[in-house]
Peer 1: 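Have a look at the structure that comes next, please.
First listed ligand is number 1; within each ligand, the first listed atom is number 1.
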Amino acid sequence: MSERRRMQIGEGRISGAVSILFGSISLGGVLCFLFPDLFTTPEFRAQYDVPTLRKVLAGCMLVAFGFSLRSLIANSSMRAGLIGAGLASLALALGGAGVEAGSTGGAAFYISLDWLLLDLIAMALLFVPLELFLPQQREQTKFHSEWRTDMAYFVMAHLFVQGIAAASQGPVRAFLSDFSFGGLREAVGGLPYLAQVLLAILVADLFQYGMHRLFHTVPYLWRFHAVHHSTRSMDWLAGSRLHLLDVIGTRMLVYLPLYVLGFAPEVLYSYVAIVAFHAVMNHTNTRLPYGPLERFIVSPRIHHWHHSADPAAHNKNYAVHFPWLDRLLGTYHAPGKEWPESLGLEGHKFPKGFLQQHVHPFRQDPAAGEPRGEVSTR
Ligand SMILES: [Zn+2]
Ligand SMILES: [Zn+2]
């Protein structure tokens with residue numbers, strides 16, 4: 001079966017994949033209940049509605065078994081269906097939805113498996129149907145040659161979310177905690193909620209624009225950001241492919257104005273939820289029509305142009321949220337209603353795999369380190 005052949009509804013491959021996904025989530029969920037100290041985020045734990053989470057867990061196991069059965073009936077290979085059923089059975093054997101919750105005693109180290117599972121469910125439910133029923137690249141399967149690498153990025157960014165947040169916010173707080181900012185924080189914190197959210201998104205997008213542009217035009221930085229551009233198959237997972245230094249550098253610069261302006265905590269939570277959704281949406285393989293909205297909000301089409309292999313589109317469309325920032329700053333490129341013909345780093349050899357891609361920028365590699373833009377000779 002060709003790797004790039006699109007999965008067909010009814011042949012059982014989609015069912016097998018869904019079964020494995022929900023079987024893994026079920027097993028992970030049971031582990032979170034059994035060992036909360038090790039696998040759940042202390043800040044999130046206090047907010048959880050446990051009876052609801054047990055229902056979600058039961059639902060996930062049911063989906064895993066149901067789709068496993070569907071896959072076994074329809075698919076001749078049977079492997080995916082059996083793996084999905086096996087994972088869900090293991091979850092059931094360990095206690096299933098009625099599993100007794102372990103005690104919490106303040107472990108020295110934990111990973112945010114709870115955040116990974118909950119966001120994986122939410123993102124997959126939101127974006128997979130869009131890509132299945134309204135795809136831009138119809139021939140691209142969910143299981144293209146790069147999805148494992150992208151999934152590794154998604155998993156690592158979620159498991160270590162607290163560490164990444166500490167690394168990007170800590171230095172800003174350490175440097176600025178003694179400044180009073182002359183009443184600025186109180187003034188911004190006193191604005192209505194909606195005004196604060198809009199201001200936070202605008203300021204964050206401006207600073208993100210600046211950092212993103214630097215990552216494209218400073219040759220040494222481009223090596224790291226080139227990791228994000230190395231994918232040739234855009235989908236909801238592809239946006240996760242970011243070098244750890246790219247993530248920390250960008251988040252630090254974005255957090256700087258958010259900290260200085262003193263937005264209320266609920267405003268920051270809203271901003272984080274919005275940017276998480278919008279950044280994933282921008283990479284989604286969907287032709288969902290934006291119509292006139294595209295003038296005000298970055299669409300997948302606009303961000304796909306940012307990933308175009310065409311040199312005319314290099315160093316364009318830096319904004320995550322507002323395309324008019326790129327228009328204002330002379331970096332907008334998304335002709336008519338067209339989509340880019342090819343994506344990625346054309347002619348550049350780039351390794352596959354999470355670890356290889358993290359090491360790659362440190363090694364001398366003129367091809368990957370080639371700057372694109374103001375300081376480029378191209
Ligand atoms: Zn970029
Ligand atoms: Zn991107």
Peer 1: For the residue pair His306 and His216, categorise the inter-ring angle as parallel (less than 30°), tilted (30 to 60°) or perpendicular (more than 60°).
Peer 2: tilted
Peer 1: What atom name does the N, O or S atom of His212 nearest to the Zn ion (ligand 1) carry?
Peer 2: NE2
Peer 1: Number of protein N/O/S atoms less than 2.8 Å from the Zn ion (ligand 2)?
Peer 2: 4
Peer 1: Within 45° of the six-membered ring axis of Phe354 and under 6.0 Å from that ring's centre, is NZ or CZ of Arg241 located there?
Peer 2: no
Peer 1: I'd like a table of donor-acceptor pairs (distance under 3.5 Å, sequence neighbours excluded) in which one partner is a side-chain atom from residues 188-202, with atom names and distances.
Peer 2:
residue : atom : partner : partner atom : Å
Tyr193  : OH   : Ser270  : OG           : 2.5
Gln196  : OE1  : Ala264  : N            : 3.1
Gln196  : NE2  : Gly189  : O            : 3.1
Gln196  : NE2  : Leu191  : O            : 3.0

Peer 1: So which heavy atom on Leu345 is nearest to which on Trp222, and how close?
Peer 2: CD2-CZ2, 3.7 Å
Peer 1: Taking the N/O/S atoms of His225 one by one, which is nearest to the Zn ion (ligand 1)?
Peer 2: NE2
Peer 1: Asn282 and side-chain contact (heavy atoms from CB on, under 4.5 Å): which single residue from Asn317, Val298, Ile302 fits?
Peer 2: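 Going through the options one by one, the only one that passes is Val298.
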Peer 1: Between Glu131 (side chain only) and Trp236 (backbone N and O only), is there a donor and an acceptor less than 3.5 Å apart?
Peer 2: yes
Peer 1: Less than 3.5 Å apart, any donor N or O on the side chain of Asp326 or Thr331 sitting next to an acceptor on the other?
Peer 2: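 Asp326 vs Thr331: donor-acceptor pair found between side chains.
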